[in-house]
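To keep things clear, I will list the structure first and then write my remarks on it.
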Amino acid sequence: MKIRKAVIPAAGLGTRMLPATKTVPKEMLPLVDKPVIQYIIEEAVASGIEDILVVTNRAKSAMDDYFDYTPELEDRLMRAGKTEELEAVRRTADIANIFYVRQKETKGLGHAVYRAKRFAGDEPFAVLLGDDVMMAGVPVTKQLIDAAELHGASAVGTQLVAPQQISKYSSLKVEPLSARVMRVLDMNEKPRPSEKFSDYAILGRYVLTSDIFRILENTAPGYGGEVQLTDGLRELCKCAPMVAVDFLGRRYDTGSLKGFLEATIDFALQSGEVGAWLREFIGNKAKSF
Ligand code: UTP
């Protein structure tokens with residue numbers, strides 16, 4: 001099982017970040033000096049992915065522009081001798097083979113993933129949610145790919161969340177398999193406290209076999225009237241092996257204001273000169289509270 005394709009669903013409406021996301025896709029909001037989507041694509045590339053499909057919509061063409069050449073800007077930078085900036089701009093255009101498909105109606109994550117049917121063909125593929133950014137030593141997608149290949153199974157990324165938080169996520173029924181890897185027996189989407197299987201939540205990364213398309217084709221709208229990927233995964237885990245990887249790393253939901261601010265601060269603190277400046281700035285602020 002060799003995984004060389006990835007799908008990035010990025011066609012959500014981003015209503016939790018309005019009014020900013022009225023005209024700017026949430027995936028294009030900058031975390032320090034790069035848009036959110038670049039972190040996701042870099043994670044895929046660092047995990048060995050060669051071809052990437054981004055699921056977009058009519059309001060998100062800024063994303064495909066960003067990964068294109070910008071001849072006038074590049075020419076200006078070259079003539080001004082701004083080689084560092086020129087390289088940064090060029091790098092984004094040559095980062096990977098990126099394909100785009102539009103989800104014409106916002107009918108849910110399961111519906112968005114189904115748009116990748118022709119792109120994936122019969123191959124297994126990774127899914128990285130376009131607003132879930134990870135900070136990790138080994139890329140989280142790579143951790144999932146390794147487990148999927150080892151066990152010949154689909155994989156979902158998971159971590160334990162606080163018991164009062166699980167109703168915001170999909171809850172997993174699991175049993176231990178090996179270090180940080182569990183067998184998935186069942187799952188449910190946004191469960192009430194009495195219905196949850198565990199506090200292991202699915203968090204933004206998946207490796208799926210093409211069986212998911214056959215299932216999603218017949219998956220009726222579920223929670224919130226949308227076609228839920230979790231409903232498809234629930235069926236998939238009953239008919240084929242699936243593992244949950246308790247990944248090492250920190251996940252940020254940049255589609256929420258708090259998650260976006262946390263990610264901004266944590267990534268800024270990690271970045272050289274800006275990090276040193278921010279540490280001092282926060283230190284001085286803290287003294288004045
Ligand atoms: P989210 O629920 O986090 O994103 O979807 P959203 O729909 O933009 O959220 P609100 O409006 O702020 O509540 C999870 C992922 O699924 C994608 C989103 O872009 C995000 O990456 N998605 C969701 C789609 O691609 N299509 C959809 O119809 C729904």
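Counting starts at 1 for both ligands and their atoms, following the listed order. Given the structure is predicted, the values throughout are model-derived calculations rather than measurements. These values consider heavy atoms only, across backbone and side chains, with no hydrogens, waters or symmetry-generated copies.
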* To do: Distance to 0.1 Å, residue and atom name: give those for the protein heavy atom nearest to atom 2 (O) of ligand 1.
  => Arg16 NH2, 4.4 Å

* When you measure from the side chain of Thr254 to the backbone N and O of Asp131, does any donor-acceptor pair fall under 3.5 Å? -> yes

* Mark up the atoms of ligand 1 that fall under 4.0 Å of a heavy atom belonging to Gln103, in ascending order. => 24 (C), 25 (O), 26 (N), 27 (C), 28 (O)

* If the plane angle is over 60° it's perpendicular, under 30° parallel, otherwise tilted; pick one for Phe267 and Tyr39. => perpendicular

* Give a yes or no on whether the backbone of Ala10 and the side-chain of Lys60 come within a donor-acceptor separation of less than 3.5 Å. => yes

* Structure fact -> atom 21 (O) of ligand 1: closest protein heavy atom, distance to 0.1 Å, is Pro9 O, 2.9 Å

* Structure fact -> Ranking Lys60, Arg115, Lys26 by closest non-hydrogen atom to atom 6 (P) of ligand 1, top hit is Lys26

* Which residue and heavy atom of the protein sit nearest atom 16 (O) of ligand 1, plus the separation -> Leu109 CD1, 3.4 Å

* Return the residue, atom name and 0.1 Å-rounded distance of the protein heavy atom closest to atom 24 (C) of ligand 1. => Gly12 N, 3.5 Å

* What residue and heavy atom of the protein are closest to atom 25 (O) of ligand 1, and at what distance? -> Ala11 N, 2.9 Å

* Would you say Asp132's side chain and Leu128's backbone share a donor-acceptor pair under 3.5 angstrom? -> no

* Asked: What's the shortest distance from atom 5 (O) of ligand 1 to any protein heavy atom, and which residue and atom give it?
  -> Asp131 OD2, 4.8 Å

* Verify, without hydrogens or angle tests, whether Asp199 (side chain) and Leu160 (backbone) share a donor-acceptor contact under 3.5 angstrom. => no

* Structure fact -> Within 4.0 Å of some non-hydrogen atom of Gly108, the atoms of ligand 1 are 26 (N), 27 (C), 28 (O), 29 (C)

* Determine yes or no for a side-chain-to-main-chain donor-acceptor pair under 3.5 angstrom, with Glu189 supplying the side chain and Asp231 the backbone. => no

* **Proximity to ligand 1 by part of Ala112, non-hydrogen separation under 4.0 Å** => side chain

* **For Lys107, atoms of ligand 1 separated by under 4.0 Å from a heavy atom** => 28 (O)

* Asked: Is the side chain of Thr141 donor-acceptor paired with the backbone N or O of Ser47 at a distance under 3.5 Å, no angle test?
  -> no

* Structure fact -> Within 4.0 Å of some non-hydrogen atom of Thr15, the atoms of ligand 1 are 10 (P), 11 (O), 12 (O), 13 (O)

* atom 14 (C) of ligand 1: the protein heavy-atom neighbour that sits closest, reported with distance to 0.1 Å -> Leu129 CD1, 4.1 Å

* How close do Ser256 and Arg16 get, heavy atom to heavy atom, and via which atoms? -> CB-NH1, 4.0 Å

* Asked: Is there a nitrogen or oxygen of Leu13 sitting under 3.5 Å from a nitrogen or oxygen of ligand 1?
  -> yes

* Gly108 backbone acceptor or donor facing Gln103 side chain under 3.5 Å -> yes

* Asked: Does His111 approach ligand 1 within less than 4.0 angstrom via side chain, backbone, both or neither, non-hydrogen atoms only?
  -> neither

* To do: Would you confirm whether Arg180, through its side chain, and Val245, through its main-chain N or O, come within 3.5 Å as a donor-acceptor pair?
  => no

